There are 2 protein chains.
Amino acid sequence: MDRSEEQLLTVLAALDNPHRLRIIHALHRQGRNYVSQLARELNLSRPLLHLHLQKLEEAQLVTSQLELSADGKALKYFEVADFHLLLSPATITEAVGKQ
Amino acid sequence: MDRSEEQLLTVLAALDNPHRLRIIHALHRQGRNYVSQLARELNLSRPLLHLHLQKLEEAQLVTSQLELSADGKALKYFEVADFHLLLSPATITEAVGKQ
DNA sequence: TACACCTGTCAGGTATTACTGACAGGTGTA
DNA sequence: TACACCTGTCAGTAATACCTGACAGGTGTA
């Protein structure tokens with residue numbers, strides 16, 4: 001999983017936040033969940049969770065699908081992507097070296 | 001290298017900055033360097049570099065020693081620590097789970 | 001003494017992120 | 001119609017992070 005400095009910073013910025021770590025934690029345990037339900041469980045306002053999920057999705061750390069429930073409601077389900085990122089002096093040097 | 005959520009966030013916050021990635025990059029290539037010299041090479045003001053080095057040292061990503069040069073000047077040398085941090089849904093879940 | 005280096009710190013300003021509350025639009029049931 | 005859910009967006013504000021310029025103190029050489 002080689003990344004450029006820009007990609008690396010996108011991921012680091014996405015993970016540098018306690019809410020977003022908890023979101024990954026929750027989704028990893030649950031498998032998947034939709035926005036409003038997750039907001040209730042994490043005790044976050046829906047607009048705020050929406051914003052955090054957006055950042056995580058931009059960094060490709062989570063993925064989403066819009067689905068219709070049995071009773072016709074549109075639910076946006078999120079799940080964690082299967083990412084693996086090794087941070088060390090060598091991997092950072094490699095990413096920065098690509099400028 | 002297991003870390004709590006707090007430690008993990010300290011490291012992520014330290015790495016989430018282009019200057020600080022370049023500092024690690026430079027120190028990893030050079031081995032070690034002192035503050036004023038590094039500031040010239042990276043084209044950063046010394047107070048700014050000082051601040052970034054502080055963050056990196058707090059996160060234990062770099063280490064420093066104050067030394068006296070042959071002509072008596074006090075030089076603060078920095079070098080990168082040998083850190084290895086794997087980021088994945090599982091490792092994040094583990095760190096957050098420790099609350 | 002004056003200058004050239006080295007170190008550290010800090011007030012003040014700018015830029016970036018994080019967050020809330022309100023709005024708009026959708027589908028379903030009573 | 002009214003209500004209970006779901007979705008998304010956005011203006012305005014609060015909280016952080018970043019950065020500069022100036023100051024203070026140290027050792028050496030001319």
Side-chain angles (χ1 to χ4, degrees), chain A residues 5-6 8-27 30 32-59 61-79, chain B residues 5-6 8-24 26-27 30 32-59 61-79 96:
Chain A
E5 178 183 351
E6 190 184 345
L8 180 55
L9 277 169
T10 302
V11 172
L12 289 170
L15 292 178
D16 176 21
N17 180 287
H19 289 324
R20 293 197 283 269
L21 289 187
R22 291 215 173 83
I23 291 167
I24 290 176
H25 171 252
L27 288 177
Q30 302 178 348
R32 65 204 297 267
N33 205 347
Y34 64 93
V35 184
S36 291
Q37 177 61 22
L38 189 56
R40 283 188 292 265
E41 289 174 11
L42 295 178
N43 211 27
L44 295 178
S45 72
R46 196 178 50 78
L48 181 56
L49 176 60
H50 185 271
L51 182 148
H52 286 314
L53 285 170
Q54 229 170 14
K55 281 218 167 190
L56 288 170
E57 191 166 25
E58 279 169 19
L61 300 178
V62 302
T63 59
S64 67
Q65 305 118 265
L66 191 61
E67 296 184 10
L68 290 181
S69 66
D71 62 348
K73 286 172 193 156
L75 306 180
K76 189 157 189 182
Y77 277 93
F78 279 85
E79 58 191 319
Chain B
E5 178 184 351
E6 190 184 345
L8 180 56
L9 277 169
T10 301
V11 172
L12 289 171
L15 292 177
D16 176 21
N17 180 287
H19 290 323
R20 293 197 284 269
L21 289 186
R22 292 214 172 83
I23 291 168
I24 289 177
L27 289 177
Q30 301 178 350
R32 64 203 299 266
N33 206 347
Y34 63 94
V35 184
S36 292
Q37 176 61 21
L38 190 56
R40 283 188 292 264
E41 289 173 11
L42 295 177
N43 212 28
L44 294 178
S45 74
R46 195 178 50 80
L48 181 56
L49 177 59
H50 185 271
L51 182 147
H52 285 313
L53 284 170
Q54 228 171 16
K55 280 216 168 192
L56 289 170
E57 193 166 23
E58 279 169 20
L61 300 178
V62 303
T63 59
S64 67
Q65 306 119 265
L66 192 61
E67 297 183 10
L68 290 181
S69 66
D71 62 348
K73 286 172 194 157
L75 306 180
K76 189 158 189 182
Y77 277 93
F78 279 86
E79 58 192 318
V96 174

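To find a chain, count down the sequence lines: A is the first, B the second, and so on, and within it residues start at 1. All values reported here derive from a predicted model rather than from experimental measurement.
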What are the two closest heavy atoms between [X] and [Y], and how far apart are they?
X        : Y        : value
Leu15(B) : Leu12(A) : O-CD1, 3.5 Å
Arg22(A) : Leu42(A) : O-CD2, 4.4 Å
Glu58(A) : Thr10(A) : O-CG2, 4.3 Å

Gap between atoms [atom1] and [atom2], on [X] and [N] respectively (whole Å):
X        : N       : atom1 : atom2 : answer
Leu66(A) : dT27(C) : CG    : P     : 13 Å
Leu75(A) : dG25(C) : CG    : P     : 21 Å
Leu9(A)  : dA17(D) : CG    : P     : 16 Å
Tyr77(A) : dG8(D)  : OH    : P     : 14 Å
Leu51(B) : dC10(C) : CG    : P     : 12 Å
Asp16(A) : dT16(C) : CG    : P     : 16 Å
His50(A) : dC6(D)  : NE2   : P     : 14 Å
Arg20(A) : dC19(C) : CZ    : C1'   : 12 Å

Could you identify the nucleotide paired to [N], looking across every strand shown and requiring Watson-Crick or G-U wobble geometry with both distances under 3.5 Å?
N       : value
dT29(D) : dA2(C)
dA17(D) : dT14(C)
dG8(C)  : dC23(D)

Practice task
For Lys73(A) and for His52(A), find the nucleotide of DNA chain C with the closest heavy atom, then tell me which residue's nucleotide is more 5'.
Solution key: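 Final value for this comparison: His52(A).
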
Completion exercise
The answer to which of Arg46(A) and His19(A) contacts DNA chain C further toward the 5' end, by nearest nucleotide, is His19(A)

Practice task
Starting from the 5' end of DNA chain D, give me the residue, Pro47(A) or Asn17(B), whose nearest nucleotide shows up first.
Solution key: Pro47(A)

Problem - Earlier contact from the 5' end, DNA chain D, for Ala74(B) and Ser36(A) - result: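 Counting from the 5' end, the first nearest nucleotide belongs to Ser36(A).
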
Problem - Phosphate OP1/OP2 of dT20(D): any Ser45(B) side-chain N/O under 4.0 Å - result: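 Yes, Ser45(B) has a side-chain N/O under 4.0 Å of OP1/OP2 on dT20(D).
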
Exercise for the section: Examine dT17(C): is either OP1 or OP2 under 4.0 Å from a nitrogen or oxygen in the side chain of Lys55(A)? Give yes or no. Expected result: no

Exercise for the section: Anything under 30° is parallel, anything over 60° is perpendicular, the rest tilted; go ahead and classify His52(B) against His19(B). Expected result: tilted

Identify which nucleotide among [options] has an atom closest to any side-chain atom of [X], counting heavy atoms from C-beta outward.
X        : options                 : result
Arg40(A) : dC6(D), dT7(C), dC19(D) : dC6(D)
Tyr34(A) : dT9(D), dT20(D), dT7(D) : dT7(D)
Leu48(B) : dC5(C), dT20(D), dT7(D) : dT20(D)

Problem - Pair Glu67(A) + Lys73(A), salt bridge at N-O below 4.0 Å - result: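 No, no charged N to carboxylate O under 4.0 Å.
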
Handout entry: Sugar-phosphate only, base, or nothing, as touched by Gln54(B) at under 4.0 Å among non-hydrogen atoms
Key =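 Gln54(B): backbone/sugar contact only, no base atoms under 4.0 Å.
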
Problem - Gap between atom CG of Leu9(A) and atom CZ of Arg20(B) - 0.5 Å precision - result: 10.0 Å

